[in-house]
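These notes concern the structure reproduced below.
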Amino acid sequence: MSRSDRGGHPPAAIPPDILLFWTFGPYSGDLTVQESNEIMARATRELVGELVRNALELAQADGALPPIPPIELRIERPKEREHGDYSCNVALRLASAVRMPPMGVASAIAQRILRTEPIAEVDVAPPGFINLTLDPEWQRGQLLAVIEAGDEWGRTEVGAGQRVQVEFVSANPTGPLQVGNGRGAVLGDALASVLDAAGFEVEREYYINDAGAQIRLFGRTLFARYQQQFGREVPLPDGGYQGAYMIDLAARLKDETGERWLESSDDPPADLTERGLELMVEQIREDLAMLRVEFNHWQRESALFEAANGASTYDVAMNRLRDGSFVIEKEGAVWFRAEDLGEDKDNVLIRSSGEPTYFASDVAYHYDKFLRRGFDTVIDVWGADHQGHVARTRAAVSAVGGDGDALEVLLYQLVHLRRGEERVRMSKRTGEIVTLRELVEEVGADAARFFMLQRSADAQMDFDLEAAASADPRQNPASYVKYAHARCASVMRTASDAGLTASSDHLDLLAADQESVLIAEILRLPELVEDMALKREPHHLTYYAQSLAQAFTQFYDTCRIVVPEEPQRSAARLTLTLAAQAALAAALRMLGVDAPDEM
RNA sequence: GCCCCCGUAGCUCAGGGGAUAGAGCACCGGCCUCCGGAGCCGGGAGCGUAGGUUCGAAUCCUACCGGGGGUACCA
């Protein structure tokens, strides 16, 4: 059983999603292009919120509204285009407190919102919304910043100065990765990318459970298979690993080292286990590389037990628990007093056999993460079947001196495979196992990643191999998005052949509906990145990518880009094409999906 | 029993206090003298049930029904 089979739920302690707190003074003066680009990096939404905030304060200052305590402003994206680019419901929420009709509150605020960049229009709409429309010229000007950012477009600074560790997959090295591990891999990797884009300092980590009973069993199974390689009739140990991969592993050891362990009286020989583990980890690393998932750090569980300067991490952590009176001995075992911390029951740390449990290692591991390595936030990505471990692990973090709330556990639900109508069994028993490698070989890394990320972690997932692998790319949204990117590149090639180049001289010619929609879609990436990062929900990327690709395709379909007779309009549309390509590339990069120039 | 996740269109799923609930697939009907038709445009159909909170509920709360997971001196 692996940690990635674990589950859980996005933490309670997530920062507020899009609550905006204003720490800077009133906006004033004109913007140069460069300054406005910097503001873009902070997300347009924030600037809009600041203008609304100022208006709200002004309304109170001049008596149009009675004094009210500070309130959180929420700036939203209305669904309907007619409602502008942003909307704010603050008047509705304030109405009863100030004993005024919502529409009155709304106009009092709206009248005082500065019509300055980036805002062009402010409207009040029943029942009391303030709708804000961005200045189209300002928006078009932002395209240059997008092009300059390239596939780095969308980066923001909300996470600046915070170190986050994302620990994911962490499957036991006793067998190959399975499809469920793939979901954790893609989820963790994309989340890390999104956090990185949001300005966090991110580390991707894989925890190798290379200690404990399951490793001994792995070694004994491997030793039996190894002996069988020489024609000996040695039975597998009780509960041993049945998979054929153990036979392959044994054959490889035989090729590598011949009879070296054949007459060993150890069961298993320590270095046989060690070599077997190395090979398994190597295979896991390869499987993940096929999915384009790479880690900054591979942490071995066994290292927690190695003494450095006298005491191991494990010893230090256990001593901390003892010093804090968080342990109790009963029934011959050592327990973590979780009941005292509000849990249902205590948890065994050290078995009556004297052997530490997995939970004890985990306590030491999280002590290491927080107290030794000093991460501000640790996000563990676990499969839903480990949901029961969340509370006690948090409690343990607090008990060893960390902040339990800084440990977030992102739980993802199970994956069911099917081919069209046919359910594909994902048995943990012998034989029928569908490995991650098989999945990637069948559908490719791009489709595997895109499909895995199309669902929120909370939702169980049906993964349709037929659709993901379909020769008909219409079944495959990943291809649709990649195609849009390739088409951008293709248009640029065509333009180049016609002697046309992009230019920002006449961006005012970009006024068609499809052009406005595409511009808005491109420009909303930074705030999407913030939302995804703060809510730990990378799956929105797939929807954004599709919506952006669709906006580009509609633009392409309606507005002819390369028209030699109209060089100015062409130049403007080529600028838009380049910006769309950059935004597509940025989304695909965070998704970990290829952004090809041709397909 | 208790704990966690999920019930939204025929299917797979977004949306998770706000204005007329969306996408893809499937189905039906249109669109190629033109930059890649791997495309575009149009059409029908839906928030498990019952209460509650709220100016406003698919969204929050309670109960119930249904599906999945957990509840070890396993990991």
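Letters A, B, ... mirror the listed sequences (proteins, then strands); counts begin at 1.
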Is_stacked (A:His83, B:rA19) at 5.5 Å, 30 deg: yes
Donor-acceptor pair under 3.5 Å, A:Thr357 side chain vs B:rC73 base: no
Distance-only polar pair, side chains of A:His540 and A:Glu537, donor-acceptor under 3.5 Å: yes
A:Asp238 atom CG: more than 12 heavy-atom contacts under 6.0 Å: no
Spacing between A:Gln514 atom CD and B:rC40 atom P, to the nearest angstrom: 12 Å
Candidate nucleotides B:rG37, B:rG18, B:rC40, ranked by approach to the side chain of A:Tyr480 - the nearest: B:rC40
Cation-pi check, A:Arg418 onto A:Phe463 ring (under 6.0 Å, within 45° of axis): no
Residues A:Arg419, A:Glu442: salt bridge by 4.0 Å N-O rule: yes
Nucleotide nearest A:Arg418 (side chain, heavy atoms from C-beta), chosen from B:rG36, B:rG24, B:rC11: B:rC11
Short side-chain N/O contact from A:Lys330 to OP1 or OP2 of B:rC73, under 4.0 Å: no
Gap between atoms NZ and P, on A:Lys79 and B:rG18 respectively (whole Å): 7 Å
Nucleotide of B:rC4, B:rG37, B:rA14 approaching A:Arg487 most closely (side-chain heavy atoms): B:rG37
Out of B:rG69, B:rC5, B:rA72, whichever nucleotide has its closest atom nearest the side chain of A:Gln413: B:rC5
A:His539 side chain near B:rC13 phosphate (N/O to OP1/OP2, under 4.0 Å): no
Side-chain N or O of A:Tyr358 closer than 4.0 Å to phosphate OP1/OP2 of B:rA72: no
Side-chain donor/acceptor of A:Thr542 to base of B:rA14, under 3.5 Å: no
Pair of N/O donor and acceptor under 3.5 Å linking B:rG39 base with A:Asp557 side chain: no
B:rC35 OP1/OP2 closer than 4.0 Å to side-chain N/O of A:Thr494: no
